[in-house]
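Inspection log for the structure reproduced underneath, given as structure tokens.
By convention in this document, chain letters (A, B, ...) are assigned in the order of the sequence lines, proteins followed by strands, and residues within each chain are numbered from 1.
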Amino acid sequence: MELTFFIAAAVAVLATIMVVTQYNLIHALLYLVVSFLAISVVFFTLGAPFMAALEIIIYAGAIVVLIIFVIMMLNLTQEDIQHEKEWLKPRIWIGPAVLSMILLVELVYIVTADTPDTYRSTPVEAQAVGMSLFGPYVLGVQLSGMLLMAGIVGAYHLGRQKKKVIHRFLERTDA
Amino acid sequence: MRLNDLLYLLPLLVLVAAAILTMLAVAVKRNHRVIFGITILAHLVALAVLLDLRGIQASLPPLLMVDGWGVFNMGLILWTSLGVTMMSYAYFEQREERKEEYYILLLLATLGACVLVISQHFMALFLGLEVLSVSLYALISYLRTREKSDEAGIKYLILAAMSSAFLLFGMALMYAVTGTMSFPEIGAYLRSTQEIPLLFLTGFGLTVVGIGFKLGVAPFHMWAPDVYEGAPAPVSAFIATVSKGGMVGLMVRFVTETGGYRNTSMLLIFTIIAAASMLAGNLLALRQKNIKRLLAYSSIAHLGYLLVAFLAGNQLGVEAVSFYLVAYFITTLGTFGVVALLSDNERDADQLEDYRGLFWLRPGTAAVFTAMLLSLAGIPLTAGFLGKFYLLASGVNTQQWVLVIMLVLNSVVGLYYYIRVIAVMFAQPEQAPEARKVLHPAISFASGATMAALALLLLWIGVYPTTLVQLIRGLLVTFMASR
């Protein structure tokens with residue numbers, strides 16, 4: 001079981017490095033999804049299946065939505081589809097695919113293994129997570145609500161103006 | 001967590017309720033004056049309920065801990081935030097943009113700082129810090145039409161997120177070693193081991209990066225000048241006071257409760273940071289012609305001074321930190337208040353030239369500004385002098401000779417650039433300034449009265465500090481006894 005943890009962790013690190021080093025946004029996002037999947041497997045091997053599921057639903061799910069937004073903003077034309085065909089070479093998708101394949105193999109192994117015990121201690125079930133979130137840590141949950149409120153109010157204010165702002169380094173100086 | 005425990009959190013609940021109320025009020029009808037009134041009222045109510053919490057020591061396991069130190073810091077934060085609100089009305093009334101969201105964010109940022117000073121758990125620490133930071137991201141770049149606000153906001157966003165990552169990783173490492181995230185339990189673990197594990201030290205070091213960023217001490221100070229310059233003047237005041245004060249409050253609690261003063265490597269790290277901040281802050285301020293940047297460098301230096309008392313770690317040290325925080329908050333509020341007062345609707349009055357001959361044009365404002373600058377420099381009869389005296393006493397008391405000598409030398413260097421600003425104010429104006437658009441007297445009255453009150457407070461504490469010292473000692477009884 002220990003080995004599955006290390007492999008998944010290695011995949012996560014590798015995928016995340018690729019996210020940072022990719023120039024193309026979409027390619028980076030592909031690796032980002034893989035990175036989330038790998039972290040989810042890490043959670044799973046550490047005995048937190050509920051967290052693993054949340055990781056997939058929230059992060060990988062939300063990121064897919066992000067991809068959709070990006071594609072919507074790109075305003076696709078026939079020319080872009082042509083570009084897409086040129087871009088979508090094995091060289092691009094083979095990396096994320098191999099990494100995902102490793103994770104899939106791991107998952108199959110974990111599920112079919114004889115000893116379904118986890119890396120450390122007993123698994124933490126959804127009920128236990130809920131009990132502690134709304135038991136001792138209820139103040140923390142409420143504070144997170146305030147955090148979201150600050151984020152939304154801030155984003156609303158900053159996002160609504162369309163004033164063109166030029167960075168001071170790009171300003172033209174009338175010498 | 002029982003219903004009774006909520007009584008101890010009433011000041012926080014008032015802030016939360018006010019933030020929500022403000023948001024709903026904005027949704028119904030935008031009215032700057034009404035929103036301003038709600039915000040002022042919320043601060044006053046929160047301060048009133050805080051009065052009942054004096055002398056209370058209530059632990060709300062696992063996250064929060066309300067004791068004398070927390071109550072003192074919450075009171076300080078609420079008063080300061082009230083001051084920032086008072087000076088905001090006139091400042092934002094001149095600007096054409098939507099003003100109302102500012103107050104929601106200000107209330108939330110204050111809430112975050114209050115949570116920070118009463119947290120006794122990494123989780124509460126992080127949530128408080130994030131509420132504060134996320135509100136600040138938007139506050140810093142609030143005035144979208146100004147070119148530098150975006151730059152400042154982005155800089156703060158990236159660096160704050162980066163430092164949060166450091167902080168989180170550090171907390172994770174400490175959790176991995178000790179198996180707990182609550183400060184008292186970490187302290188218990190460390191007392192039970194002979195030698196502090198290397199992994200724990202690594203975690204602590206990473207946490208110092210996060211703390212150091214928020215405090216704006218060298219070598220994590222690079223953001224301060226740009227952000228202070230780009231942010232609206234009241235927000236700069238808020239960053240310099242509430243955001244830093246909240247972190248100081250947390251740091252003292254964390255190090256005290258985990259018994260960090262027995263940790264020699266920690267003491268060494270903070271000694272270096274303190275010395276570097278004093279030097280960097282003062283030397284960089286020397287050639288500065290922009291008042292907001294100058295104040296940013298000065299605040300870097302002041303946090304360095306503050307660390308001298310923090311390193312003392314005894315009763316006198318904590319007292320000195322408290323006293324200095326009060327003096328520093330009053331002074332910083334005053335200086336940024338003057339900057340906000342003199343700003344017109346085009347830009348902030350941040351150039352040294354804007355202050356030329358101020359004494360002959362607006363003697364009252366110039367007098368307040370002079371008093372504040374003298375206090376920053378540490379001239380007798382001001383709160384700043386007594387604060388610095390307190391710091392020196394605690395430094396000498398624990399024989400930190402290097403830091404004490406650094407403090408004295410740096411104060412002398414600091415004197416130069418504060419006096420330079422004062423000298424500019426007293427110089428004759430070169431030409432008669434063009435007539436400025438004068439606001440309705442009632443609007444600038446709020447700012448003016450706040451400035452006058454701050455100046456009086458500064459002198460009062462400088463001449464007769466006994467009241468404040470007794471207040472601090474009374475509140476610290478429970479905190480010091482629990483160690």
Among residues 101-110 of chain B, which residues come closer than 4.5 Å to chain A, judged by heavy atom distances?
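Within residues 101-110 of chain B, the residues that come under 4.5 Å of chain A (heavy atoms only) are Glu101(B), Ile104(B), Leu105(B), Leu108(B).
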
So, Arg146(B) side chain and Gly230(B) main chain: donor-acceptor pair closer than 3.5 Å or not?
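No, the answer is negative, given that no donor and acceptor are paired below the 3.5 Å cut-off.
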
How about Thr180(B) and Glu185(B): does a side-chain donor come under 3.5 Å of a side-chain acceptor?
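The answer is yes; a qualifying pair exists.
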
What orientation do Phe122(B) and Phe254(B) show, parallel under 30°, tilted 30 to 60°, or perpendicular over 60°?
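The rings of Phe122(B) and Phe254(B) sit tilted, inter-plane angle from 30° to 60°.
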
Determine the interplanar angle of the Trp223(B) and Tyr156(B) rings, folded into 0 to 90°, and report it as parallel if under 30°, tilted if 30 to 60°, perpendicular if over 60°.
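Plane angle over 60°, so perpendicular.
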
Taking 4.0 angstrom as the limit, do Asp350(B) and Arg293(B) come out as a salt bridge?
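Salt bridge flag = no for Arg293(B) with Asp350(B).
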
Measure Val26(B) against the heavy atoms of chain A and call it side chain, backbone, both or neither at under 4.5 Å.
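No part of Val26(B) comes within 4.5 Å of chain A.
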
Taking everything shown except Phe183(B) itself, do over 12 heavy atoms lie less than 6.0 Å from its CZ?
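Correct, the count exceeds 12.
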
Quick check on the interface: out of Leu139(B), Leu132(B), Leu63(B), who has the most heavy-atom pairs with chain A under 4.5 Å?
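Result: the option with the highest number of such pairs is Leu63(B).
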
For the candidates Pro62(B), Ala19(B), Ala124(B), Gly112(B), which exhibits the highest count of non-hydrogen atom pairs separated by less than 4.5 Å from chain A?
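Most heavy-atom pairs under 4.5 Å with chain A: Pro62(B).
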
Working note: Tyr137(A) + His121(B), criterion side chain to side chain contact (heavy atoms under 4.5 Å, CB included); need CA distance, chi angles, decisive distance, verdict.
CA-CA 11 Å; Tyr137(A) 293 103; His121(B) 194 275; 3.7 Å; yes

